[in-house]
Amino acid sequence: MENNIYYVYLLTNKQRHNIYVGLTENLSFSVSEQAFQVLHELLGEGLCTQLVYFERYRDLARAEIRKTQLKKASLCKKFALIERTNPGW
């Protein structure tokens, strides 16, 4: 039986113009790694390095479903989710 914990997380840039949704087993490593990948995706919109939200999952399939849900969510809905757990982020 695996005891892995999976994290679905949201990163933003300094200006809060972009939200990146990711999934990882190692949250601290992934934030720094993903920041550089996100730079290429955003093409100059700003480096997403600020972790503003995360959820823990023991089941990878559920984590992947949640990641997909968050990717499809509007920016407004993502901001509301962040505000509930990280006011003033």
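In this chain, numbering begins with 1 at the start of the sequence shown. All figures in this text were calculated on a predicted structure; none of them were measured in a lab.
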- Query: Could you give the distance from CZ (Phe54) to OG1 (Thr24), rounded to the nearest 0.5 Å?
  - Reply: 12.5 Å

- May I ask you to check whether Tyr20 and Asn18 show a side-chain donor-acceptor distance below 3.5 Å? no

- Heavy atoms only: give me the nearest Leu81-Leu10 pair and the separation to one decimal. CD2-CD1, 4.4 Å

- Got a donor-acceptor contact below 3.5 angstrom from the Asn86 side chain to the Tyr53 backbone? no

- Taking every heavy atom of Val8 against every heavy atom of Ala63, the minimum-distance pair comes out as CG2-O, 3.3 Å

- Query: Do Ile65 and Tyr57 share a hydrophobic cluster (ILVMFWY, side-chain heavy atoms under 4.5 Å, transitive)?
  - Reply: no

- Item | Spatial distance of atom OH (Tyr7) from atom CD (Glu55) [nearest 0.5 Å] | 12.5 Å

- To the nearest 0.5 Å, how far apart are OH in Tyr6 and CZ in Arg56? 15.5 Å

- Task: Please answer: with hydrophobic residues joined when any side-chain heavy atoms are less than 4.5 Å apart, are Leu60 and Val21 in the same cluster?
- Result: yes

- Note on the structure: Scanning both residues in full, the closest heavy-atom pair of Lys78 with Lys71 reads NZ-O, 3.8 Å

- Message: Would you compute the distance between atom CG of Asn13 and atom CD1 of Ile19 and round it to the nearest 0.5 angstrom?
- Response: 8.0 Å

- Item | Under 3.5 Å: donor-acceptor pair, side chain of Gln50, backbone of Trp89 | yes

- Task: Just do the side-chain contact (heavy atoms from CB on, under 4.5 Å) check on Ile5 and Glu25 with the steps written out, would you?
- Result: CA-CA 6 Å; Ile5 296 180; Glu25 288 183 64; over 6 Å; no

